[in-house]
Participant: 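If you scroll down you'll find the structure; I have some questions about it.
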Amino acid sequence: MQINEPKAILFNKLYERDVCIRCILRLFKITEINLYRETKGFIQLLFDVGKLIGNENKLVEDYDLLFYKRKAEIVESDVLPLTCHSSLKDQFIKNPFHIFDKINKCVICQGILQCLEDQKFYAMLVDEILQKQYQYEAFKLQVKTPVGQQIRQILIVNECISEIGQNDPFYEYISTSNVAIDIKACVKWIMCNPLSESLKVPSDINDDRFQISLNFESIGDDVKQFEQFKDIIQEIDDQKWQEKMIKKLKMNDPQLKTETENRLLQKKNQQSQTFLPTQNNLEKISKLNNAQLSQFKIINVNYPVKLEVTTSYQNIFIQGNYIKLGRYISQTPWYIGGNRIYEDSVEDLVSAEACKIFKSSSVKFHSGGREDIDVRMLGNGRPFAIELVDPHLGLQNQTQEILNQIESKINSQNVVKVTPLTFTDTNIFGELKNSEINKVKAYCCVVECKNIINGDLVQQANQIKDLVIKQKTPIRVLHRRTQMVRDKIIHSLLIKQINEKWLQVYVLSSAGTYIKEFIHSDLDRTVPNLCSLLQNECDIYQLDVIKLYEKIDEDVIINFKSIDAECGSKV
């Protein structure tokens, strides 16, 4: 790092304000990674700066293994009471992995960049990762730092700008909008190599499969730092709101203006909640000018930064089609009043073996639509995907042999079967959605009629082609579906008479058709319906989905007309 006199003077000003060496390097926009890693070189840097400011030992004498004595004493008003802001208690990290404490902390990074060589910390971090027993061949490091650090940085830079003046050769350099290297980048520069050596795998920013996330939090200090900006930000927001109202109402009427001001005062009195450390509020603070910023000070670091470490492996997706051979098996676990209604579900039966093999933290089930709990899914099955969340054994198990093992295990039981399984990715969501809304479905129903069946009307119904029906949201799903009228299409019907009052009815319809309601009319909420077509009261006793088609064409119609020979004996 090349040090000239202007840089040395600014370096000293920052150093006297208890800014750590790494944060000074960041403010100087130094991108030489080795400078951040080689802490032994900091002493030489302090000598070089000292020479340029006329006292080569001045900075070194204050330096003690990166941690130097605080120049400003903590005053009582800076200390946030433990009972204050209790509404934020849920935002505090629970069971923090490590606490950076017992040092005199940098006023910008709050000690984070000062502590990263701590060997005890590295040993704890590596042990924490290894205990979770992931399989991986590289890792990507993710870092989150306290949002209040950006305010601290803004205030420090503003103080320096005020002191050096616009004629200083370093003014333009420090006053640019891109004022510093990001703390998160520095953490990665320092930590990736030691972690890589300890874990014996490389760090790879392009490999998202296995991620180590470091979440640094300092809620107490962040709240205190943001809180002092509450009044000025509220005043700016109120002024903008008032200007907006004046422009909107074009108020020249004094009475109307007074009413608006009273509303503004009432609004202001209601806004007594804490000014939270959020990105939105940070953006508002960042827009303040130098004169406005000069009213505020950096809050001393009073609380240790807490670190929560999380690890995760990229989710794995497995797709296939499931065939549901039993009735009264829900697609996903079904709970009423917190109690599970049925022991098994399709989700349970198709995902259990995969979860066991991959040791996933949880599983998500996705499908192209769903059938009612009492409806079987036959034929070529319904497309689905299981998403294995955070699989600990994801690296070595993604083979076709493993999929064959999972498939064999599922198909060994008699309730749910699956077609050949394959690995997939997030593109499967689009395919499943397309299946849900665009595929054509063939159903088979067992129907009872109240009166003797009219054979001529049956024959007429069998000639139907692309009959448009209007379906109001069925009564049975009104509690969870919007009340509306949906247009659906009955592409074809194939009605087989069992006896004088019973029918086997095959229906070829567009996706999303409520078949039960088409059969019994749902109190005439679906029109036309089978009751109106046969001029008879009809009720459905059994329903199966027997085939899914990609689209409707003449080949599909021909196939549908012979479907009774194909699967009639199975339903």
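The analysis underlying the following values was restricted to heavy atoms, covering all of them including side chains, and did not include hydrogens, waters or symmetry mates.
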Participant: Search all heavy atoms of K29 against all heavy atoms of I181 and return the closest pair with its distance.
Facilitator: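 In this case the closest contact between K29 and I181 is CA-CG1, 3.9 Å.
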Participant: So does D208 pair up with K140, basic N to acidic O under 4.0 Å?
Facilitator: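 Salt bridge present between D208 and K140.
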Participant: Looking at NZ of K284 and CZ of F226, how far apart are the two atoms once the value is rounded to the nearest 0.5 Å?
Facilitator: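 Answer for the NZ-CZ pair, K284 versus F226, is 11.5 Å.
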Participant: Under a 3.5 Å distance rule, please check whether D222 uses its side chain to pair with a backbone N or O of P146 as donor and acceptor.
Facilitator: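 Flag not set: sc D222 to bb P146 has no pair under 3.5 Å.
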Participant: Within the distance-only criterion (no hydrogens, no angle test), does the side chain of Q114 pair as donor or acceptor with the backbone N or O of C106 below 3.5 angstrom?
Facilitator: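 Pair found, side chain donor or acceptor close to backbone of C106.
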Participant: When you measure from the side chain of T419 to the backbone of N321, do you find a donor-acceptor pair of N or O atoms at a distance under 3.5 Å?
Facilitator: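 Looks like yes, one N/O pair under 3.5 Å.
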Participant: Could you check whether any side-chain N or O of D221 sits under 3.5 Å from a backbone N or O of V301, counting only pairs where one atom can act as donor and the other as acceptor?
Facilitator: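 The answer is no, because no donor-acceptor pair under 3.5 Å joins these two groups.
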Participant: Quick one: list whatever passes side-chain hydrogen bond (donor to acceptor under 3.5 Å, both in side chains) with S312, sequence neighbours left out.
Facilitator: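 Expected list: none.
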Participant: Show me the donor-acceptor pairs within less than 3.5 Å that the side chains of residues 194-206 make with the rest of the protein, sequence neighbours left out.
Facilitator:
unit_1: S196; atom_1: OG; unit_2: V201; atom_2: O; d: 2.6
unit_1: S198; atom_1: OG; unit_2: P194; atom_2: O; d: 3.1
unit_1: D204; atom_1: OD1; unit_2: N206; atom_2: N; d: 2.9

Participant: To the nearest 0.5 Å, how far apart are NZ in K287 and CD1 in I233?
Facilitator: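 That separation rounds to 9.5 Å.
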Participant: Do you know the tightest heavy-atom contact between L421 and G320?
Facilitator: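 Heavy atoms only, the tightest pair is CD2-CA, 4.1 Å.
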Participant: Report the residue from I9, I24, I21 that forms a side chain to side chain contact (heavy atoms under 4.5 Å, CB included) with L14.
Facilitator: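 Only one of I9, I24, I21 forms a side chain to side chain contact (heavy atoms under 4.5 Å, CB included) with L14, namely I24.
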Participant: Do Y122 side-chain atoms and L116 backbone N/O form a donor-acceptor pair below 3.5 Å?
Facilitator: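 Flag set: sc Y122 to bb L116 pair under 3.5 Å.
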Participant: Looking at every non-hydrogen atom in both residues, tell me the closest pair between V350 and F384 and how far apart they are.
Facilitator: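 Residues V350 and F384, closest heavy atoms: CG2-CE1, 4.1 Å.
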Participant: V19 and C23: which non-hydrogen atoms are nearest, and at how many Å?
Facilitator: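 Closest pair (atom of V19, atom of C23, distance): CG1-CB, 3.5 Å.
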Participant: Which label fits H366 and F429: parallel for a plane angle under 30°, tilted from 30 to 60°, or perpendicular past 60°?
Facilitator: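 Correct class here is perpendicular.
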Participant: Of the non-hydrogen atoms in T332 and R370, which two are nearest, and what is the gap between them?
Facilitator: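 Minimum heavy-atom contact is OG1-NH2, 3.4 Å.
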Participant: For residues R37 and N193, report the shortest heavy-atom separation together with the two atoms involved.
Facilitator: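 For R37 versus N193, the nearest heavy atoms are NH1-ND2, 3.0 Å.
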Participant: Please list, chain by chain and in numerical order, all residues satisfying side-chain contact (heavy atoms from CB on, under 4.5 Å) with F423, sequence neighbours excluded.
Facilitator: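 Checked F423 against side-chain contact (heavy atoms from CB on, under 4.5 Å); matches are I316, I318, F358, Q398, L403.
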Participant: Between E159 and K13, is a salt bridge (charged side-chain N to carboxylate O under 4.0 Å, His left out) present by the stated rule, with each step listed?
Facilitator: CA-CA 10 Å; E159 287 181 11; K13 288 181 182 297; over 6 Å; no
Participant: How far does CH2 of W334 sit from CD of E347, to the nearest 0.5 angstrom?
Facilitator: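 The CH2 atom of W334 sits 15.5 Å away from the CD atom of E347.
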Participant: Examine the side chains of Q135 and Y313 and answer whether a donor and an acceptor come within less than 3.5 Å of each other.
Facilitator: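 Result is no, nothing qualifies.
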